[in-house]
Structure formats: C-alpha cells, structure tokens
Amino acid sequence: MGAKIIAHENTRKHLSEIQRVEDWDYNFLPSPAGAIPSEILSANRSLKLNGTSIEMKPYKPAHTDGDLSVTFGEADILHVGDTYWNGIYPFIDYSTGGSIDGMIVASDSNLAAATDNTIIIPGHGKPVSNKSELKAFRDMLVDIRDKVAALKKAGRTLEETVAAKPTAAHDAKWGQFVIDPPFFTKLVYEGV
Amino acid sequence: MGLRRKQPLSRRHFCLCCVSSAAFAATGGWLTPRQAFAEARGLVTLIKDSAASSPVTAHKLRGNVSVLEGSGGNIAVLTGPDGKLLVDGGIGVSRPQLTKPCPV
C-alpha cells in the first residue's frame with residue numbers, strides 16, 4: 001500500500017530530476033515513482049488527522065527552496081525541518097536556493113511562531129528543543145554572518161576569511177560535527 | 001522537508017546524526033576546492049553507510065506525537081486511527097531500522 005506524500009512544490013521538482021548539490025560535489029539521482037510527492041503546496045495548508053490540527057507552512061528559501069514547517073496545534077509542537085540544526089552548524093544548500101540570510105529569516109519566523117511552552121523539533125541535532133535554544137541558534141547565525149560579511153567586504157578571499165576564524169567564539173558549542181568551522185565559514189561566505 | 005504518511009523515505013536528508021566527528025578530524029586545515037570536493041564525496045557515502053546501521057529511537061513528546069531519532073534527521077510521528085503521519089522522512093537506507101521495531 002502506498003503512502004501519500006505531501007511536500008513543497010520545489011521539493012517535488014528536485015526529487016524528480018537529477019539534483020546536483022555543489023557543496024557536496026554529489027549528484028542525487030531522481031527518486032523512484034513511489035517516493036515522488038503526490039501532493040504539493042506553495043501556500044499554507046491545514047489538515048485534520050487523528051483528531052489533531054496540522055498546519056503546514058512553506059518558508060521563503062532558507063536551507064533549500066523547498067523547506068516547510070509543520071505545527072501540531074493541540075500538542076503545541078513545531079517541526080521546523082532543516083531551518084534549525086540543534087547544537088551543530090547547519091548545511092545550507094545554495095544549489096537549491098538556500099542562503100545564510102534565508103536561514104536567519106526562517107529562524108526569526110520560527111521564533112515568532114513559538115512560545116516558551118512550544119516543543120520545537122529541529123531537522124538535525126538533539127531532537128527535542130525549545131525557544132531559548134532556537135534563539136541561541138539564530139544569534140549564532142547572525143553573529144557569524146556579520147563577521148564573515150565584514151571580512152568579505154574588506155576584500156578578504158575565502159581562504160583568508162577561513163584563516164581569520166570568524167566562527168571561533170562558537171566552535172566549541174556548534175562546530176563539533178560534520179559541518180566543521182571551515183566548511184560553515186565557506187557556506188556563509190558564499191551568501192554575503 | 002516533506003510531510004508523509006506511512007513509508008517512502010527521502011534521499012534529500014542526510015543522516016548527520018550518527019556520524020562521528022572523529023572521522024573528519026583528519027582533514028586538519030582548509031582544503032583546496034579539489035580536496036574539499038573529494039572529501040564531500042566521501043562524506044555522502046559515509047553518511048549513508050552510517051545511517052544504514054544506526055538504530056532508531058523514539059522520544060514521546062505530547063499528545064499522540066513522538067519524534068524518531070537516528071534516521072537522516074528528526075522525524076515527527078503522529079499516531080491514531082487515521083494512520084501514521086510522518087514529518088520529514090529520514091534517509092532511505094535506514095528503512096529497515098525505521099519499520100522493524102515500529103517504535104511508536
């Protein structure tokens with residue numbers, strides 16, 4: 001029995017064709033027919049299932065151009081997908097329209113949608129989070145964006161910017177995983 | 001990110017949750033683009049291999065919503081008589097871990 005898959009319209013587009021992710025130097029092959037979303041959305045959409053109110057909201061391009069959030073109303077739970085990586089530097093996919101500024105805009109919108117009681121599920125990292133941890137993620141993104149932008153504006157090359165260690169103040173907390181400080185610096189540099 | 005009922009799994013979400021950072025410590029400093037690309041190619045394979053063997057654990061949240069950890073990112077699951085609803089699909093290679101224990 002097949003599943004019904006709902007996704008952002010751009011996600012269906014990307015899943016249907018060869019998708020090159022430049023920063024991984026990797027070409028993802030098209031998904032098999034059964035894994036292609038059968039329903040798409042490009043605007044907010046509500047759903048009632050198992051007695052629960054579900055709200056789906058597309059983001060403007062952030063991690064990719066196909067991100068969306070899902071809210072479980074009664075339980076006050078917000079899944080924010082890959083716009084939030086809890087405790088680790090995020091990957092940002094410029095190949096599909098993602099950007100550091102888009103990640104910050106999405107973080108601000110996530111903060112506005114949450115209260116202190118909301119359980120926030122990040123796309124990656126520790127799976128149960130909250131507004132204050134999300135705020136720390138957002139503040140980290142803004143600080144590194146500003147530092148990298150200043151270096152780039154001063155004419156530093158990518159290599160010089162990486163060597164200047166603009167993420168240093170955050171590395172102990174956020175830089176201990178796959179997206180390491182030089183890689184994250186490169187991702188931010190690309191978008192400022 | 002997709003919203004899905006029952007199974008199909010996404011290749012778009014890497015399982016970064018279960019890859020040891022020690023594996024990447026060897027790179028040392030900044031890499032040339034060519035080296036970085038070679039490294040990235042290895043990363044995708046490593047991530048897939050790791051996801052294939054990573055166990056999936058469930059955390060109960062509130063109401064009939066839980067979150068599954070260990071398959072290409074964090075998957076929310078809503079259960080009930082209408083069927084299961086999954087938010088975010090994880091990575092295809094961890095399908096056996098996701099379906100076998102049916103953790104929630």
Side-chain angles (χ1 to χ4, degrees), chain A residues 1-8 11 14-15 19 21 23-26 28-29 31 34-35 37 47 49-52 54 56 63-64 66-70 72 74-77 79 81-82 85-86 88 91 119 121-128 158-159 162-163 176-180 182-183 186, chain B residues 1-17 19-21 23-25 27 29-34 36-41 43-47 57 59 61-65 67-70 72-76 78-89 92:
Chain A
M1 188 172 71
K4 180 164 146 187
I5 305 177
I6 308 173
H8 192 293
T11 299
H14 296 312
L15 289 173
Q19 188 61 52
V21 175
D23 284 306
W24 295 102
D25 187 29
Y26 200 89
F28 291 88
L29 297 177
S31 289
L47 194 66
L49 200 71
N50 293 325
T52 299
I54 297 148
M56 294 165 273
H63 163 71
T64 67
D67 309 306
L68 54 91
S69 68
V70 178
F72 299 99
E74 294 79 1
D76 195 6
I77 296 170
H79 195 315
D82 287 1
W85 298 45
N86 189 14
I88 48 181
F91 182 62
I119 294 175
I121 304 176
H124 292 281
K126 292 190 295 323
V128 186
L158 172 59
E159 286 73 15
V162 169
Q176 307 300 312
F177 214 52
V178 177
I179 310 298
D180 63 10
F183 195 179
K186 175 183 184 295
Chain B
M1 191 182 81
L3 177 80
R4 54 200 73 210
R5 282 187 216 175
K6 301 281 167 55
Q7 212 35 284
L9 298 168
S10 160
R11 64 193 163 77
R12 294 276 299 129
H13 296 273
F14 309 107
C15 180
L16 301 174
C17 323
V19 181
S20 162
S21 61
F24 307 103
T27 58
W30 180 243
L31 302 169
T32 66
R34 188 181 296 272
F37 287 161
E39 198 68 20
R41 194 160 41 240
L43 270 185
V44 175
T45 305
L46 187 59
I47 285 163
T57 53
H59 306 262
L61 301 179
R62 274 201 285 254
N64 44 354
V65 181
V67 63
L68 304 183
E69 178 183 22
N74 300 317
I75 304 170
L78 172 72
T79 56
D82 296 335
K84 281 194 179 69
L85 179 137
L86 274 62
V87 179
D88 226 336

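Order of the sequence lines fixes the chain letters, A, B, ..., with proteins taken first and strands second; residue numbering starts at 1 for each chain.
In plain terms, the two heavy atoms of B:L78 and A:L49 that are nearest each other are CD2-O, 3.6 Å. B:E69 approaches A:P127 most closely through the heavy-atom pair OE2-CD, 3.5 Å. Here the closest heavy-atom approach between residue B:G83 and residue A:N50 is recorded as O-ND2, 2.8 Å.
Residues B:V67 and A:I77 have side chains not in contact (no heavy-atom distance under 4.5 Å, counting atoms from C-beta outward). In this structure, the side chains of B:L61 and A:F72 stay at 4.5 Å or more apart for every pair of heavy atoms.
B:R62 contributes a side-chain N or O that, together with a main-chain N or O of A:D76, makes up a donor-acceptor pair within less than 3.5 Å.
In this structure, no portion of A:P37 lies under 4.5 Å from any heavy atom of chain B.
Atom CD1 of residue A:I121 and atom CG of residue B:N74 lie 7.5 Å apart, to the nearest 0.5 angstrom.
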task: Dump the intermediate steps for side chain to side chain contact (heavy atoms under 4.5 Å, CB included) on B:L85 and A:L47, then the final yes or no.
output: CA-CA 11 Å; B:L85 179 137; A:L47 194 66; 4.2 Å; yes
